[in-house]
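Here's the structure we're looking at; comments come further down.
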Number of protein chains: 2
Amino acid sequence: MPDTLGAPRGEALLFLTDEQLRQGIEAMFFAYRGFTADPDRILSTLSYGRAHHRAIHFINCAPGTTVNNLLNILGVTKQSLNRVLRTLIEDGLVESRVGRADKRERHLYLTEEGKALERQLSDAQRARMRAAYRAAGPEAVVGFRQVLEAMMDPEMRRNYMKLREGRE
Amino acid sequence: MPDTLGAPRGEALLFLTDEQLRQGIEAMFFAYRGFTADPDRILSTLSYGRAHHRAIHFINCAPGTTVNNLLNILGVTKQSLNRVLRTLIEDGLVESRVGRADKRERHLYLTEEGKALERQLSDAQRARMRAAYRAAGPEAVVGFRQVLEAMMDPEMRRNYMKLREGRE
DNA sequence: GACACTACGTCAGCCTTGTTGACATTCCAA
DNA sequence: TTGGAATGTCAACAAGGCTGACGTAGTGTC
C-alpha cells in the first residue's frame, strides 16, 4: 500500500487508527467523570452545582471580569449565568461592583468566603490532577496538554490562552 | 530548600506547580467542550441529547450488554437510563432482547438505523480527535492517554480496560 | 437633546437529564 | 415456597440549560 503523504510510513500513523481514536474518546469520557467527581461531592453538600463551580473558578482567575466576559468564557446564556450568580451574590461568595468607566458593566469579585470555597474546590481538583500528573510523568503531561489544546474550538482556545497570559 | 522525596530535584517537579495544574484543569474544561460539540450539533437536530449518544456509543461497543451493565458504565440511575432507552427503542434505533440464560435480563443491540446514527456521531467525534492527534503527534498521544487513565476513578478505569479488552 | 445601542437583570416557560421513592413483574436459587 | 435479584414503570422533583420578552440604566452618535 503506497504512502500517499510521502514522509511518514504506515506504521508511524498507527496512533490514528479508528480503534486508537475510539479509546481516546472513551478515555475522555471516563477521565472527565473523575475530573469533576471531587468538586461535585463538595458542592452537593452546599446545594451548589457544577455551574457554581465554573463561575467561581473563572471569577477567581480573572477578578473584576464583567458579566459579558464570563458569559463568553462559560458559553452559556445570561439568564443561566444570572441564576447562578444571583445565588452566589446572595450567599455572599461573590461581589458585584458597578464599573467605574462604564457604569453599565458589573465587575465580579470573590469575597473572602468565596475565595475560601474556591480554594477548597480547587485543592480537591488539583490533588487529583497532581496525582495523575505524578503517575504519568512530565513528558506525558506535555503531551496531554498538547492534545487537549488541539481539541478545543479555536474560539475557546483563544479564551484559554488569554486566561493563561493574564496570570503570567 | 531540601528535597523531601530524595530522588528528583526541585526543577524536575515544575510540572506539578499549582499554576501548571490550574492550566491543566482549564484545558480539560475547554477541551471537553470541543470534544462534545460536534455530536451535540448532530443530536440537537434529532431532538436527542448527550445521554442518548452515550447509550448508543456503549451499546455499539458491547452489543448484547445488559441494562445493569450499561448502568454501571454510564454511572446513572436505571430510571434515567430507562427514559433514554425507551425513546431509542420506540424510534427503532435500539433493540431489547430478553436474555436466554436469564430471562430477567434484557440484552441491548443497535438496529441498522441505530448503527447508522452511531457511525454518523462517532465519525464526527473521531474526526476532531484525529485532527487533535495529528496536530500533537504520536508521543503526545501516549502522554495524553496516560494522564487521562491516571485521572479516572479506579472503578471507571476497570470499566475502561474491560471495554478495551473486549475489542482486542 | 433625541435616538439607537449596549450591558445587565428579570420574568415566564420549556426541555433534558439527573435524582428518590414506591411498586409490579418475572424469574433464579436456596 | 420463599427471598432476592433484575427489570420496568409511575410520580414527583431539581439543576441547569434554552428562548423570548421586557425594563432600566448608561453610552455614544447624529
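This is a predicted model, so every value here is computed, not measured. Numbers restart at 1 for each chain; the letters A, B, ... are given by sequence-line order, proteins then strands.
Contact check of residues 60-69 of chain B against DNA chain D (heavy atom, cut-off under 4.0 Å) returns B:Thr66, B:Val67, B:Asn68. Across residues 46-58 of chain B, not one residue has a non-hydrogen atom less than 4.0 Å from an atom of DNA chain D.
In this structure, B:Arg100 places its CZ atom where only 12 or fewer heavy-atom neighbours from other residues, nucleotides or ligands lie under 6.0 Å away.
Remark: C1' of D:dA15 and CZ of A:Arg83 are 7 Å apart, rounded to the nearest angstrom. Here the C1' atom of nucleotide D:dA11 and the CG atom of B:Asn82 are 14 Å apart, to the nearest Å. With rounding to whole Å, B:Glu105 atom CD is found 5 Å from D:dT7 atom P. Between B:Leu88 atom CG and C:dT17 atom P the separation is 10 Å, expressed in whole Å. Between the CZ atom of A:Arg86 and the C1' atom of D:dG16 there is a distance of 13 Å, rounded to whole Å. Distance B:Leu85 CG to C:dT16 P: 16 Å, rounded to the nearest Å. As a whole-Å value, the separation of B:Leu74 CG from C:dT19 P is 11 Å. One atom, CG of A:Leu81, and another, C1' of C:dC8, lie 11 Å apart when rounded to the nearest Å.
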* To do: Would you mind building the protein contact string for nucleotides 21-27 of chain D? One character per nucleotide, 5' to 3', B for base within reach (heavy atoms under 4.0 Å), S for sugar-phosphate only, - for untouched.
  => B---BBS

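Using a 30° and 60° split on the angle between ring planes, B:His53 and B:His57 fall in the perpendicular class, above 60°.
Judged by distance alone, with hydrogens and angles left aside, the side-chain atoms of A:Asp153 form no donor-acceptor pair with the main-chain N or O of A:Glu155 at under 3.5 Å. Looking at A:Gln125, its side chain does come within 3.5 Å of a backbone N or O of A:Phe35 through a donor-acceptor pair.
Between A:His52 and the choices A:Val94, A:Leu46, A:Thr87, A:Leu85, the side chain to side chain contact (heavy atoms under 4.5 Å, CB included) rule is met once, by A:Thr87.
Here the NZ-CD1 distance, from B:Lys115 to B:Ile59, works out to 12.0 Å after rounding to the nearest 0.5 Å.
Contact detail for A:Arg126 and A:Asp123: the closest heavy-atom pair is NH2-OD1, 2.9 Å.
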* To do: Determine, stepwise, if the pair B:Glu149 / B:Met152 fulfils side-chain contact (heavy atoms from CB on, under 4.5 Å).
  => CA-CA 6 Å; B:Glu149 284 180 31; B:Met152 296 175 196; 4.1 Å; yes

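Of the candidates D:dG17, D:dG8, C:dG18, the closest approach to any side-chain atom of B:Ser80 belongs to C:dG18.
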